[in-house]
Asks: 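Below is one structure. I have some questions about it.
Chain identifiers are assigned alphabetically (A, B, ...) following the order of the sequence lines, protein sequences preceding nucleic acid strands; residue numbering begins at 1 within each chain.
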There are 2 protein chains.
Amino acid sequence: MRRERTGLMTVDQGAGRPAEEGARGRFERIYQTLRMRICLLDYAPGSRLREEDLAEEFRVSRTPVRRVLVKLEAEGLLRSVHGVGTIVTDIEVDALAQVYELRVELAELVGKLSPTPVDAALIARFREIRARCDEMVHEGDPRTFSRINMDFFHLFNSLTTNAPLREISERLYYQTARIWLKAASRLKNFEELIHTEFTTFQREVTDITEAVEHGDLAAAGHVRRAHIAMSFSRIRKASKAGGPGGADAD
Amino acid sequence: MRRERTGLMTVDQGAGRPAEEGARGRFERIYQTLRMRICLLDYAPGSRLREEDLAEEFRVSRTPVRRVLVKLEAEGLLRSVHGVGTIVTDIEVDALAQVYELRVELAELVGKLSPTPVDAALIARFREIRARCDEMVHEGDPRTFSRINMDFFHLFNSLTTNAPLREISERLYYQTARIWLKAASRLKNFEELIHTEFTTFQREVTDITEAVEHGDLAAAGHVRRAHIAMSFSRIRKASKAGGPGGADAD
DNA sequence: CAGCATGATGTTGTGCACAACATAAGAAGC
DNA sequence: GCTTCTTATGTTGTGCACAACATCATGCTG
């Protein structure tokens, strides 16, 4: 199938910035999409990604796809092996202990370093997330939980203007974002535990929102820190209880 | 040589096998070389790197070179603009304030999180750096200072076993490594200031070496933290004094 | 002579074909 | 029947040619 040059170019993202973001726009779009799929376990850990399939899906050649895969590999989410394939990184709770150990500290730094001035719009966004959170508690869906958790992370991360800190926190977050869904998928029958996770997260969002309302970003950081640590502790416990031998062969 | 089926892991990243290394070896070699050149100001900030030249130098095509450039761009050391070229990121003291703000905190974390067990070999490496430091003080050379500083960073970074922390610290370090050389190149005539920098760094190495000898990695982290902060403070002051209008047009 | 349009030139981004590599299947030998 | 070598197949890595894009020079026009 031959692709029209002038015709397909405009289809990209007309509402945004068509002229400024030509090639870079495609790159970001593919990158964000693949990262989301990996973190939402649409691509299971250990599964192979074929560059040609991705190229066909995004209507581009293998070359730009490979650029994205290289970046994703640098982020630690993929691993390309010559002659084998590009496989999604497998995640282990013990290996993520170091990442969490660092995320805990960075969360506190977000509330401490170069704080963002709190305005009404920022508070409104926090309250919006909290509302979505309340709604989620009634309808237990691990996937929507992950999405809200993701949005909340970005919002919390915007509490600091320190660009490197934000970038690093984001990177580490996406390295650990999958572990909750993975653990939840194993404990799917235990609705009770998942509900506990939901309400716990709801409390975290509520507390942090309140702290932001009071303009106390340091307190928000401390709350976030404590919740990240406890969340990992619960995941670790559930992982040991659920049995390490997960029957997830490719 | 037949390879076991169960052993999926190949040579991976064997340290010290230059000739037999496959694609990944070339990649690492080119990456390390370019990064070193950027941080040693062999490639001045703002200068353009032509992919074809690099391809010819490393005896490869443009394709693997572009892989390296993409990673370097992700690290923040390069910036590729379509139709213009791949230019070395310009560094400004004010923009690096956030990076230093974070590096200061991470330095303390290196001495706090997952400390490496201190053995005789580790102490010996610190003493070796200290010896090179003493030698450097007698022969003032900003370039060798940067190299020793680089080696010392890697050594200090090895005080923690937290892999993400090490990786992030390394990344941030290389983002800031150039600023000292850049500032020093402007104040080249002020030999006295540079000598002060040398002796200050010598004290830092001495103090941290002593702390490591005592097995007090937390103290090493605190010393490191203080010195990073003071170093940036001096650079900032020198930058303002030397005049922000650096006549370094390409 | 100033200002602007237009082409020339050089760069990165993309597409495509082939090489390098690893694995899996199949056949030969014991 | 089992092992082992060979072959087939599929994947990523590389090389090369062209397109997209930006800048600069040049000529035209006012």
Side-chain angles (χ1 to χ4, degrees), chain A residues 1-10 12 17-31 34 43 46-74 78-89 250, chain B residues 1-12 19-31 34 43 46-74 78-89 249-250:
Chain A
M1 178 182 292
R2 191 152 291 286
R3 118 194 163 97
E4 298 289 312
R5 289 185 185 85
T6 57
L8 198 53
M9 283 292 283
T10 55
D12 248 340
R17 307 165 282 239
E20 184 183 354
E21 305 223 356
R24 203 172 287 268
R26 274 198 292 270
F27 180 86
E28 273 299 323
R29 184 171 56 92
I30 299 175
Y31 170 74
L34 292 186
Y43 296 146
S47 61
R48 289 198 300 270
L49 269 56
R50 295 216 310 278
E51 297 180 351
E52 204 163 350
D53 286 358
L54 297 175
E56 186 178 0
E57 176 185 351
F58 292 102
R59 317 298 292 177
V60 292
S61 175
R62 272 183 55 206
T63 311
V65 172
R66 296 194 82 257
R67 286 191 58 179
V68 174
L69 297 185
V70 167
K71 184 171 183 179
L72 251 24
E73 184 181 5
L78 293 179
R79 174 166 175 77
S80 295
V81 182
H82 190 182
V84 176
T86 304
I87 60 180
V88 180
T89 307
D250 182 15
Chain B
M1 179 184 291
R2 254 300 151 218
R3 198 169 296 283
E4 299 283 344
R5 283 196 180 83
T6 57
L8 187 59
M9 298 297 255
T10 55
V11 190
D12 218 353
E20 198 164 337
E21 286 279 347
R24 205 169 285 269
R26 274 197 292 270
F27 181 84
E28 272 298 323
R29 185 170 55 93
I30 299 176
Y31 170 74
L34 291 187
Y43 296 146
S47 61
R48 290 198 300 270
L49 269 57
R50 297 217 309 278
E51 297 179 351
E52 205 163 347
D53 286 359
L54 297 175
E56 186 180 359
E57 176 185 349
F58 292 103
R59 317 297 292 179
V60 291
S61 175
R62 273 183 55 205
T63 310
V65 171
R66 297 194 81 257
R67 287 191 57 178
V68 175
L69 297 185
V70 167
K71 183 171 183 179
L72 251 24
E73 184 181 7
L78 293 179
R79 174 166 175 78
S80 294
V81 182
H82 189 182
V84 177
T86 304
I87 59 180
V88 179
T89 306
D250 185 12

Asks: Might you point out which heavy atoms bring Val65(A) and Glu51(A) nearest each other, and give the distance in Å?
Replies: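 Result for this residue pair: CG1-O, 4.2 Å.
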
Asks: What is the distance, to the nearest angstrom, from the CZ atom on Arg26(A) to the P atom on dC21(D)?
Replies: 8 Å

Asks: Can you sort out which residues in residues 60-69 of chain B have a heavy atom within less than 4.0 Å of DNA chain C? Ascending by number, please.
Replies: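 Those residues are Arg62(B), Arg66(B).
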
Asks: Starting from P on dT12(C), measure out to CZ on Arg79(B) and report it in whole angstrom.
Replies: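 Taking CZ of Arg79(B) and P of dT12(C), I get 14 Å after rounding.
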
Asks: Could you pull out the closest heavy-atom pair between Ala55(A) and Arg62(A), with the gap in Å?
Replies: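 In this case the closest contact between Ala55(A) and Arg62(A) is CB-N, 3.8 Å.
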
Asks: How about Glu57(A): does its CD atom have over 12 heavy atoms from other parts shown lying under 6.0 Å from it?
Replies: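 Count over threshold, so yes.
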
Asks: Could you tell me how far apart Asp53(B) (CG) and dG10(C) (P) are, to the nearest whole angstrom?
Replies: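 Taking atom P of dG10(C) as the reference, CG of Asp53(B) is at 13 Å.
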
Asks: Take the protein atom CG of Leu54(B) and the nucleotide atom C1' of dT12(C), then report the distance between them rounded to whole Å.
Replies: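 It works out to 13 Å between those atoms.
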
Asks: Between N or O atoms, less than 3.5 Å apart, protein on one side and nucleotides 9-11 of chain D on the other: list the pairs.
Replies:
| unit_1 | atom_1 | unit_2 | atom_2 | d |
| --- | --- | --- | --- | --- |
| dG10(D) | N2 | Gly83(A) | O | 3.2 |
| dT11(D) | OP1 | Arg50(A) | NE | 2.9 |

Asks: Would you say the side chain of Thr63(B) lies within less than 4.5 Å of the side chain of Thr63(A), judging by non-hydrogen atoms?
Replies: no

Asks: If every non-hydrogen atom of Val88(B) is compared with every non-hydrogen atom of Leu78(B), which pair is closest and at what distance?
Replies: CA-CD2, 3.8 Å

Asks: Please report the shortest heavy-atom distance between Arg48(B) and Val84(B), naming the atom on each side.
Replies: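 Scanning both residues, the minimum pair turns out to be CD-O, 3.8 Å.
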
Asks: Arg59(B) has an atom CZ; how far is it from atom P of dG15(D), in whole Å?
Replies: 11 Å

Asks: Closest heavy-atom contact between Thr86(B) and Ser80(B)?
Replies: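 Answer, listing the atom of Thr86(B) first, then Ser80(B): OG1-OG, 3.2 Å.
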
Asks: Check step by step if side-chain contact (heavy atoms from CB on, under 4.5 Å) holds for Leu34(A) and Phe58(A).
Replies: CA-CA 11 Å; Leu34(A) 292 186; Phe58(A) 292 102; 4.2 Å; yes

